[in-house]
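First the structure, in the form of structure tokens, and then the observations on it.
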Amino acid sequence: MNRANHVAPKFIAGFHSRHQIAFELVNHFALAQSPGTADRLARYALIAGDQALAGYSLDEAIHYFRCALTVKGDSPIDDEKAKIISGLG
């Protein structure tokens, strides 16, 4: 078992909800800024935005959707980017 597989369950167990995991993963990937993390950052920012929106945290939702859209940049519109744009209204 590699270190990531060993640490991840302990990391996840420390959170109170699945929602909190997405928020923390966005922060993790944003700080990492390493090649290959942009897709994961966009994916988790979309999830965090959806979760914030569902919890009526509109400012927070906008923050995460904008983060996801920034990461996607000028890429063609795919399903994920369409969801991000839809989340922004």
Side-chain angles (χ1 to χ4, degrees):
M1 176 183 275
N2 69 30
R3 179 168 163 66
N5 290 338
H6 181 70
V7 172
K10 291 178 184 175
F11 174 77
I12 291 171
F15 293 102
H16 301 291
S17 71
R18 293 178 64 217
H19 302 276
Q20 190 178 2
I21 295 169
F23 299 131
E24 290 300 321
L25 287 172
V26 169
N27 293 329
H28 168 76
F29 288 118
L31 291 173
Q33 295 183 2
S34 48
T37 61
D39 287 340
R40 289 182 276 179
L41 174 56
R43 181 173 56 245
Y44 288 114
L46 172 59
I47 293 168
D50 284 340
Q51 291 171 348
L53 194 58
Y56 301 103
S57 299
L58 302 181
D59 290 338
E60 192 172 0
I62 290 169
H63 166 76
Y64 286 113
F65 289 132
R66 284 185 178 160
C67 173
L69 192 57
T70 299
V71 170
K72 289 297 233 177
D74 294 332
S75 66
I77 296 178
D78 57 7
D79 287 341
E80 188 174 62
K81 192 169 186 178
K83 290 176 186 175
I84 295 165
I85 294 167
S86 175
L88 284 169

Q. Linking I/L/V/M/F/W/Y whenever any side-chain heavy atoms sit under 4.5 Å apart, do L46 and L58 land together?
A. yes

**Q.** Qualifying salt bridge (charged side-chain N to carboxylate O under 4.0 Å, His left out) pairs with a residue from residues 58-70, counting only residues at least two apart or across chains
**A.** none

Q. Cluster question for you: counting only ILVMFWY and a side-chain heavy-atom cut-off of under 4.5 Å, with indirect links fine, are V71 and L69 together?
A. no

Q: Using the side chain to side chain donor-acceptor pair (under 3.5 Å) rule, collect all pairs that involve residues 36-48, keeping only residues at least two apart or in two chains.
A: none

Q: Quick one: name the residues clustered hydrophobically with Y56, using the 4.5 Å side-chain heavy-atom rule over I, L, V, M, F, W, Y, and just say none if it's on its own.
A: none

**Q.** Within residues 79-89 or reaching into it, pairs that qualify as salt bridge (charged side-chain N to carboxylate O under 4.0 Å, His left out) - sequence neighbours excluded
**A.** K72-E80

Q) What's the shortest heavy-atom distance between A61 and L53, and which atoms? A) CB-N, 3.7 Å

Q. Quick one: OG on S57 to CD1 on I62, what's the gap to the nearest 0.5 Å?
A. 11.0 Å

Q. Nearest heavy-atom pair of A68 and A42: which atoms, and what distance?
A. CB-O, 3.7 Å

Q. Taking only residues at least two apart or on different chains, which pairs with a member in residues 61-89 satisfy ring-ring contact (aromatic ring centres under 6.0 Å, His included)?
A. F23-Y64

